[in-house]
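We're numbering straight along the sequence, starting at 1. Counting starts at 1 for both ligands and their atoms, in listed order.
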Amino acid sequence: MKLLVTGGAGFIGSAFVRMALAENRAALVVNLDKLTYAGNLENLASVAGDSRYRFAHADICDAPRVNEVLAGVQPDAIVHFAAESHVDRSILSPEPVFQTNLRGTFTLLEAARLNRVPRFLHVSTDEVYGSIEPPDEAGEEYPLKASSPYSASKAGSDLLALSYFVTYRLPVTVTRASNNYGPYQFPEKLIPLMLTNAFEGLPLPVYGDGRQIRDRLSLEDPCRALVSVLSLGRPGEIYNIGGNCSLPNLEVVRRILRATGQPDSLVRTVADRPGHDRRYALSSAKLQRETGWSPQVSFDGGLARTIDWYRQNQEWVRRVKSGEYRNYYELNYGGR
Ligand code: NAD
Ligand code: DAU
């Protein structure tokens, strides 16, 4: 199989590329990435010399360039990760989010249609269902209720992608996963931010009362789910990917403090995220039924391995926490 992966230099995309090559699931993987602040080719250092891997520096909003890459590769499938993925940045500056997540997805869908790509996997999120009252869980038919510019852009791109199946019969499948964590995650997201701050004895900024609930997935589980959907998922369908692991943010932060040997006094309650969704909860029954997938990694096991990775890769952390990161940190946390 020849795969075109967009956003393969990011957190989940790079894990998917590494897995596809390590497990011999692809004869060729082409990583199309713009290399924004979140894209980092260091994440792919272990496969850079592999003759089955190629990098195409491109913006998914650039139609001629995307068409050129597609025509050259003629992939059997596109796995579309590229996005502006951070909710707080989408609140501070929504424009790039709509540009990449909507216009970029549209450009890629058009190119896939014109080049008759046989499979298009659109990677989306549980955030499109909005906050869910207990004890409900969102199945794939649950209404969309996006709260942030990020989640609205993902909900819009999901609908656009599915419309290409209905109207043009482009074989699109959509996945919606909960909160992923693991190695190489940019330290703007809760877990890597909290644990890298904990290493340095810096304050851990918890939004509002910290009782917001997220479902968490250790990175290898959603990557395995995407591989399953690529081979067994049906075109025109949506598949939720959940971890059966609902925890309040404050509990996650306390576990990080215990595991890093730091005191609870590092926790700082700061102003809440505007429009902050209270609870996400997914049912992955459809995915389990149709592909046999289920999450395998416990939260404590996944967290311990993630902490080890960040401890052993402090140079990677130091590099990504310099430059642009400092400006973002000041902008997001300075006034809270
Ligand atoms: P990330 O921010 O780590 O990586 C995004 C990648 O996309 C980067 O390599 C970046 O350079 C690239 N990119 C951004 N704009 C681009 C453009 N215009 N053209 C080409 N490349 C561009 O994101 P992530 O956390 O790995 O998420 C990947 C995908 O998975 C996203 O679509 C996100 O919505 C979805 N998702 C993420 C999670 C999660 O917990 N992280 C959960 C569910 C779904
Ligand atoms: O649920 C899937 C989503 O998970 C993905 O679609 C997104 O791409 C991904 O970024 C992630 O979104 P979240 O907003 O849930 O992730 P984040 O790590 O930013 O925040 C997790 C929770 O922690 C959320 O309730 C906000 C809270 N938080 C976050 C940060 C960065 C804090 O309390 N303090 C913080 O400093």
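- Closest to atom 1 (P) of ligand 1 among all protein heavy atoms lies Ser85 OG, 3.5 Å.
- Ring planes of Tyr142 and Tyr129: perpendicular class, angle over 60° (limits at 30 and 60°).
- Residue Thr36 has at least one N or O atom closer than 3.5 Å to an N or O atom of ligand 1.
- Distances below 4.0 Å separate heavy atoms of Ala58 from the following atoms of ligand 1: 19 (N), 20 (C).
- Ring orientation note: the planes of Tyr207 and His276 are nearly perpendicular, at an angle over 60° on the 30°/60° scale.
- Not close to ligand 2: Lys154, with no non-hydrogen atom less than 4.0 angstrom away.
- You'll find the ring centres of Tyr239 and Trp293 outside the 6.0 Å limit.
- For a threshold of 3.5 Å applied to N or O pairs, the pair formed by Lys154 and ligand 1 contains at least one separation below that value.
- Here the shortest heavy-atom distance to atom 20 (C) of ligand 1, taken over Arg176, Lys34, Glu84, belongs to Lys34.
- Note: no N/O pair closer than 3.5 Å links Gln185 and ligand 1 by distance alone.
- For atom 14 (O) of ligand 2, the nearest non-hydrogen atom from the set Arg336, Arg268, Arg273, Lys189 comes from Arg273.
- Gly10 CA, 3.4 Å is the protein heavy atom nearest to atom 4 (O) of ligand 1.
- When the heavy atoms of Thr6, Val5, Ile12, Ile241 are ranked by distance to atom 39 (C) of ligand 1, first place goes to Ile12.
- With Tyr150, Tyr329, Tyr207 as candidates, the residue nearest to atom 29 (C) of ligand 2 on a non-hydrogen basis is Tyr207.
- Relative orientation of the Tyr181 and Phe299 rings is perpendicular, given thresholds of 30° and 60° on the angle between their planes.
- Close N/O approach between Asn40 and ligand 1 is not found [any backbone or side-chain N/O within under 3.5 Å].
- Nearest to atom 30 (O) of ligand 1 by heavy atom, out of Val123, Asp126, Ile191, is Val123.
- In the vicinity of Val87, heavy-atom distances shorter than 4.0 Å reach the ligand 2 atoms 14 (O).
- Atom 8 (O) of ligand 2 has its closest protein heavy atom at Ser85 O, 2.7 Å.
- Close N/O approach between Asp33 and ligand 1 is found [any backbone or side-chain N/O within under 3.5 Å].
- On a distance-only criterion, Ile60 and ligand 1 share at least one N/O pair closer than 3.5 Å.
- Closest heavy-atom approach to atom 13 (P) of ligand 2 within the set Glu127, Glu188, Met194: this belongs to Glu127.
- Remark: Arg103 CZ is loosely packed, at most 12 non-hydrogen atoms of other residues, nucleotides or ligands lying under 6.0 Å away.
- Only the backbone of Ser124 comes within contact range of ligand 1, with a heavy atom under 4.0 Å; no side-chain atom does.
- Remark: ligand 2 atoms within the under-4.0 Å shell around heavy atoms of His276 are 24 (C), 25 (O), 26 (C).
- Relative to atom 28 (N) of ligand 2, the option among Val253, Asp126, Leu190 with the closest non-hydrogen atom is Leu190.
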Chi angles and distances behind the ring-ring contact (aromatic ring centres under 6.0 Å, His included) call for Tyr37, Phe186: CA-CA 9 Å; Tyr37 77 92; Phe186 197 82; 5.1 Å; yes
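- Polar contact with ligand 1: present for Phe81 (N/O pair, distance under 3.5 Å).
- Within the 4.0 Å heavy-atom criterion, both parts of Asn179, backbone and side chain, lie near ligand 2.
- Considering backbone and side-chain atoms alike, Leu32 places every N or O at 3.5 Å or more from each N or O of ligand 1.
- At a heavy-atom distance under 4.0 Å, no atom of His86 approaches ligand 1.
- Only the backbone of Leu35 comes within 4.0 Å of ligand 1, counting heavy atoms alone; no side-chain atom from C-beta on gets that close.
- Remark: Arg319 CZ is packed, more than 12 non-hydrogen atoms of other residues, nucleotides or ligands lying under 6.0 Å away.
- Counting heavy atoms only, Ser178 comes closest to atom 42 (C) of ligand 1 of the residues Ser178, Gly182, Gly8.
- Atom 43 (C) of ligand 1 has as its closest protein heavy atom Ala177 O, 3.4 Å.
- Residues Phe81 and Phe16 place their aromatic rings such that the two centres sit under 6.0 Å apart.
- In Tyr150, the part holding a heavy atom less than 4.0 Å from any atom of ligand 1 is the side chain.
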